[in-house]
Amino acid sequence: MNELDALYAFLVAAAVAGLLTPVVARFATRLGAVNRPSERGLAARETPLLGGLAILAGVLAAGALFLPGDDQTRAILGAAATITAVGAVDDAIDLPPAVKLAGQVVAALIPVLSDVKVTVITLPFLGHIDLGDAGGALTVLGLVAVMNIVNFSDGIDGLAAGVCTISAAAFAIIAFDLQREAAGVLAALTAGAALGFLFWNFHPASVFMGDSGSNLLGLLLGCIAVQGTLKTNALIALVGPLVILAVPFLDGGFVVAKRLKYRRRPWTADTEHFHHRLSRIGFSQRRTVLYLYGWTFALAGLAVALRFIPYSDHHGNLHTGWTIVVVALGLLAIAASVYLVYVLEILKFTRRRAAELRAEDPATSEHEIAAAVERELGTGEFEAVPPER
């Protein structure tokens, strides 16, 4: 397998997913598997679910043509079909959280039992760490975690599909450079299937991927990370996946921390995800997803740069010029992250304070609002807004 196989796999998966998505949408509507408008959601009308079935079809079609027919490939594709089936049932009848978690664990076990697992990890400055018998359990835990963070991010038109397209493309580039060709092709076809579905899922979406799609993409990204980077001895092995998937990890970690802080169950749905918060401060759905795409792209680009830019030799000696380039790229990614935090936190407070001041005095001018906000931000005389209940 080579990069040309990956390109063909990408195109086949995109074509199959794109062509079948309208068919799946009609099937979901007839079945009654639709997402209805709610206070938590951002959808304005009923939208069919089960888009994951079209994504799975693209993955299986391209996988049958371009992936090796070994035990590990069959296990990954079998796990993909399993988690899609569990998600499809959840889309149709809304399974209890414990049942969904059990389905995720079963799906994660299938590839792990076929040796798609991490037994040794490489950490900067620490070298190789042998996980021993704990490697399988930790891999299952990691796969379930990735399934859930992708599922958490699927709350606005096009977000999960776009983020997964960018992430899978970055994994494909890194995997081929690490000579993990099968993982590179799997990543490419995953990106293609997600992109083919995105054509119908971008705002205004005519279909949602549902749990069948978000869990499927999470499982595939997790398997790609294991096969493409984590099972190698490269320094990028652990850092790469964490950087590439930083946006959904940060989003999921933030909302779970908030729920625990306010003594709510971690799996309880709320409106504290990044996309909800950007919407509350006035961003349109398209602007929201484009901001989050940009953030994901910056971090994925940093991960690719860390692999390709020769900032050090094999003995750990840094090359000054290339090190400066890597640091500059890292600062750019950090700047994008800081800017998003500014948008989420400062603008949220500014708009809330403006509403309060105008409620007290409708004649309050923009200049008076700006002065009040600047004064309060400068002295710290405000409290963080608690999450909506």
Side-chain angles (χ1 to χ4, degrees), residues 35 40-44 47 51 55 145-171 190-191 193-195 197-205 207-211 213-215 217-218 220-221 225 240-258 269-304 329-348 351 387:
N35 179 78
R40 188 183 71 87
L42 299 177
T47 308
I55 298 173
V146 179
M147 283 187 255
N148 280 290
I149 65 163
V150 174
N151 187 32
F152 284 167
S153 69
D154 183 34
I156 187 172
D157 295 357
L159 179 56
V163 167
C164 289
T165 299
I166 296 168
S167 301
F171 275 126
T190 299
L195 185 62
F197 174 77
L198 181 60
F199 179 82
W200 302 98
N201 184 236
F202 196 74
H203 185 74
V207 60
F208 292 158
M209 68 172 64
D211 277 19
S214 58
N215 281 279
L217 290 175
L220 290 173
L221 287 176
L242 292 177
V243 174
I244 291 171
L245 297 173
V247 173
F249 267 120
L250 288 171
D251 181 43
F254 174 83
V255 295
V256 169
K258 278 262 187 177
D270 59 22
T271 58
E272 290 302 311
H273 291 280
F274 289 158
H275 52 270
H276 289 121
R277 301 172 70 197
L278 287 168
S279 177
R280 282 203 295 273
I281 62 177
F283 279 33
S284 67
Q285 289 204 42
R286 290 193 178 197
R287 187 180 179 190
T288 295
V289 296
L290 290 175
Y291 265 63
L292 294 174
Y293 286 175
W295 191 10
T296 303
F297 187 83
L299 292 168
L302 175 61
V304 172
L329 291 173
L331 290 175
L332 181 63
I334 293 172
S337 304
V338 170
Y339 176 69
L340 260 294
V341 172
Y342 165 79
V343 168
L344 289 171
E345 297 299 331
I346 305 302
L347 291 186
K348 176 185 75 176
R351 297 196 181 200

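All values derive from a computational prediction rather than experimental measurement.
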Next on the checklist: Evaluate Leu217 against Phe197 for side chain to side chain contact (heavy atoms under 4.5 Å, CB included), listing each step before the verdict.
Outcome noted: CA-CA 12 Å; Leu217 290 175; Phe197 174 77; over 6 Å; no
Next on the checklist: side chain to side chain contact (heavy atoms under 4.5 Å, CB included) for Asp154 and Phe208? Distances and angles first, verdict last.
Outcome noted: CA-CA 9 Å; Asp154 183 34; Phe208 292 158; 5.5 Å; no
Checklist outcome for this item: Of all heavy-atom pairs linking Arg286 and His203, the shortest is NH2-O, 2.8 Å
Checklist outcome for this item: Which of Thr190, Ile55, Asn215 passes side-chain contact (heavy atoms from CB on, under 4.5 Å) with Leu220? It is Thr190
Item to check | Residue pair Ser214 / Met209: nearest heavy atoms and the distance that separates them | outcome: N-SD, 3.3 Å
Item to check | Exercise: identify the closest heavy-atom pair between Phe152 and Gly252 | outcome: CD1-CA, 3.8 Å
Next on the checklist: Applying side chain to side chain contact (heavy atoms under 4.5 Å, CB included) to Asp157 and Val289, what does each step give before you reach the verdict?
Outcome noted: CA-CA 8 Å; Asp157 295 357; Val289 296; 5.8 Å; no
Next on the checklist: If I take atom CZ from residue Phe249 and atom CG from residue Asn148, how far apart are they, to the nearest 0.5 angstrom?
Outcome noted: 10.5 Å
Checklist entry - Just how far is it from atom CD1 of Ile334 to atom CG of Leu299, taken to the nearest 0.5 Å? => result 9.5 Å
Item to check | Distance (rounded to the nearest 0.5 Å) between Leu159 CG and Phe202 CZ | outcome: 10.5 Å
Next on the checklist: If I compare all heavy atoms of Gly158 with all of Asn201, which pair ends up nearest, and what's the gap?
Outcome noted: N-OD1, 3.0 Å
Item to check | Non-hydrogen atoms of Thr296 and Ser167 that approach each other most closely | outcome: CG2-OG, 4.0 Å
Next on the checklist: Working to the nearest 0.5 angstrom, can you tell me the gap between Leu250 CG and Trp295 CH2?
Outcome noted: 5.0 Å
Item to check | Minimum-distance pair of heavy atoms, taken over all atoms of Ala303 and Ile244 | outcome: CB-CG1, 3.5 Å
Item to check | Intermediate values then yes/no, side chain to side chain contact (heavy atoms under 4.5 Å, CB included), Val150 and Cys164 | outcome: CA-CA 8 Å; Val150 174; Cys164 289; 3.8 Å; yes
Checklist outcome for this item: Distance col, row Ile156:CD1 vs Thr288:OG1, nearest 0.5 angstrom, shows 4.5 Å
